Amino acid sequence: MSIRQHQPAPAVPAPGKLTVPELGEMKRRGDAIVMVTAYDATGGRLADAAGVELILVGDTAAMVVLGHESSTVPVTMDEMLFMTRAVTRGARRPLVVGDMPFGSYQVSDEDAVRNAIRFVKEAGADVIKLEGAGPSLSRVQSIVGAGIPVMGHIGLTPQSATKLGGFKAQGRSAAQAVTLWEEARALEAVGCFALVLEAVPAAVAEAITRELSIPTIGIGAGAGCDGQVLVWHDLLGLFEGRTPRFVKQYANLGEEITDALGRYAADVRSRAFPAEEHTYGIPDEELEAFRAAIGMTETERATSEG
């Protein structure tokens, strides 16, 4: 029996690349949609094996991968393309969502289309995501017009967190909630295929979800959304900073990794690693010929064998 046959099967079979219309069908059937972030080929492969529908190569990479302390703004277009290329090499079935970084679509519709095309052409993304409504509406319309599906994002939009008063919930007054409602409808009208609702009161998010024909993906927006997304490092316990209240941690890999690295370091320092089973041998006659060729003395041989 092959080694492959001994491996556990993926949580969901991978029949082929998921399509955008299938997400709409999932909403109509009432099937929950799973999205998670990933930033490299290993993350893409593991998320695919777990059966998720969407992998977001998020600009959260600025904080959880690149080490910027409190903002998604510093991550560049080239950095996002690099990470998206890696994820697409590991993920086969899920739709890979390229997250448009700050500065890649704010200037003009033309810039937005140009950079969206780079995500698809250079990085292999299936779709892109951008934040906000208002000026973003014409950006969405232009990108969709170029043949690239767009996921919208309203509520707490991290790229404009300073303008919003920091990383805090949005839509907690009637007026703000109505604004979100109107933005959601406008984004659907200009062609978004799905919409992220971040840090929005659950009742508001549920009302928006019922109103729209496109799927909503919640993050801190309650169980009434059509799907959910969490950041890789948050749900796996890899991020040491403060996490939002909506995060549920499913593992504590940070502690496990630190422990494993500590045991590795101890084995190296005590010379317990590598052991004989971790090394390669050489036939005795070849070893003798090698020692003779380099002029190894009897003392050196004894030390080597000792």
Side-chain angles (χ1 to χ4, degrees), residues 20 22-38 47 50-56 58-60 63-64 72 94-95 97 99 127 129-133 136 150-161 163-189 192-237 239 241-251:
V20 168
E22 286 179 83
L23 295 177
E25 288 300 319
M26 290 183 71
K27 177 184 175 85
R28 283 183 278 280
R29 292 194 303 266
D31 296 339
I33 298 167
V34 183
M35 182 161 81
V36 68
T37 68
V52 308
E53 283 77 38
L54 294 160
I55 298 176
L56 171 64
D59 61 0
T60 44
M63 295 183 286
V64 300
T72 64
L95 286 170
V97 185
D99 204 1
V127 302
K129 180 179 81 67
L130 53 75
E131 294 183 4
S136 291
V150 178
M151 175 181 286
H153 182 162
I154 59 172
L156 172 56
T157 46
Q159 292 175 10
S160 53
K163 176 183 175 183
L164 296 174
F167 289 87
K168 61 183 184 180
Q170 302 296 307
R172 301 187 73 180
S173 71
Q176 290 178 342
V178 168
T179 296
L180 290 176
W181 167 280
E182 292 171 345
E183 289 177 345
R185 296 181 66 188
L187 285 163
E188 179 178 31
C192 280
F193 76 90
L195 183 63
V196 171
L197 300 174
E198 180 167 359
V200 173
V204 176
E206 185 174 358
I208 290 172
T209 299
R210 285 198 307 266
E211 173 68 13
L212 301 183
S213 63
I214 60 174
T216 59
I217 309 295
I219 178 166
C225 295
D226 297 305
Q228 300 293 327
V229 60
L230 281 177
V231 172
W232 181 273
H233 293 66
D234 290 344
L235 76 93
L236 294 177
F239 186 59
R242 180 177 175 272
T243 56
R245 64 175 292 175
F246 55 72
V247 170
K248 180 175 180 179
Q249 188 174 305
Y250 287 83

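As the structure is a prediction and not an experimental result, all values here were calculated from the model.
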Taking [X] for its side chain and [Y] for its backbone only, find out whether a donor-acceptor pair lies under 3.5 Å.
{"X": "Glu188", "Y": "Ser213", "answer": "yes"}
{"X": "Thr37", "Y": "Trp232", "answer": "yes"}
{"X": "Glu53", "Y": "Met26", "answer": "no"}

Once rounded to the nearest 0.5 Å, what's the spacing between atom [atom1] of [X] and atom [atom2] of [Y]?
{"X": "Arg28", "Y": "Asp226", "atom1": "CZ", "atom2": "CG", "answer": "10.5 Å"}
{"X": "Met151", "Y": "Leu195", "atom1": "CE", "atom2": "CG", "answer": "9.0 Å"}
{"X": "Leu56", "Y": "Leu230", "atom1": "CG", "atom2": "CG", "answer": "11.5 Å"}
{"X": "Ile33", "Y": "Thr216", "atom1": "CD1", "atom2": "OG1", "answer": "8.0 Å"}
{"X": "Asp99", "Y": "Lys129", "atom1": "CG", "atom2": "NZ", "answer": "3.5 Å"}
{"X": "Leu236", "Y": "Phe239", "atom1": "CG", "atom2": "CZ", "answer": "13.5 Å"}

message: Before you tell me yes or no, could you show the steps for Ile208 and Leu180 under side chain to side chain contact (heavy atoms under 4.5 Å, CB included), namely the whole-Å CA-CA distance, both residues' side-chain angles and the distance that decides it to 0.1 Å?
response: CA-CA 8 Å; Ile208 290 172; Leu180 290 176; 4.1 Å; yes
Return all side-chain donor-acceptor pairs below 3.5 angstrom for residues 171-179, not counting sequence neighbours, or 'none' if the list is empty.
from: Ser173; atom 1: OG; to: Gln176; atom 2: N; distance (Å): 3.1
from: Gln176; atom 1: OE1; to: Gly171; atom 2: N; distance (Å): 3.4
from: Gln176; atom 1: OE1; to: Arg172; atom 2: N; distance (Å): 3.2
from: Thr179; atom 1: OG1; to: Ala175; atom 2: O; distance (Å): 3.1

With a 4.5 Å heavy-atom cut-off, do [X] and [Y] have their side chains touching?
{"X": "Val64", "Y": "Val231", "result": "yes"}
{"X": "Pro94", "Y": "Leu54", "result": "no"}
{"X": "Met63", "Y": "Thr72", "result": "yes"}
{"X": "Thr209", "Y": "Lys27", "result": "yes"}
{"X": "Gln170", "Y": "Pro201", "result": "no"}
{"X": "Ile217", "Y": "Leu197", "result": "no"}

query: Do other residues, nucleotides or ligands put more than 12 heavy atoms under 6.0 Å from Arg245 CZ?
result: no
- request: For Val127 and Val20, run side chain to side chain contact (heavy atoms under 4.5 Å, CB included): C-alpha distance rounded to whole Å, both residues' side-chain angles, the deciding distance at 0.1 Å, then the answer.
  value: CA-CA 9 Å; Val127 302; Val20 168; 4.0 Å; yes
query: Can you tell which of Leu187, Leu130, Ile154 makes a side-chain contact (heavy atoms from CB on, under 4.5 Å) with Cys192?
result: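 With Cys192 as partner, side-chain contact (heavy atoms from CB on, under 4.5 Å) holds for just one option, Leu187.
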Give me the atom names and distance for the closest heavy-atom approach of [X] to [Y].
{"X": "Ala223", "Y": "Gln228", "answer": "CA-NE2, 4.0 Å"}
{"X": "Phe193", "Y": "Leu23", "answer": "CE1-CD1, 3.7 Å"}
{"X": "Gly132", "Y": "Thr157", "answer": "N-CG2, 3.9 Å"}
{"X": "Val200", "Y": "Ala205", "answer": "CG1-N, 3.9 Å"}

query: Cut-off 3.5 Å, side chains only: do Gln159 and Asp59 have a donor facing an acceptor?
result: yes
Side-chain H-bond candidate by donor/acceptor type, Glu131 with Ser136, under 3.5 Å: no
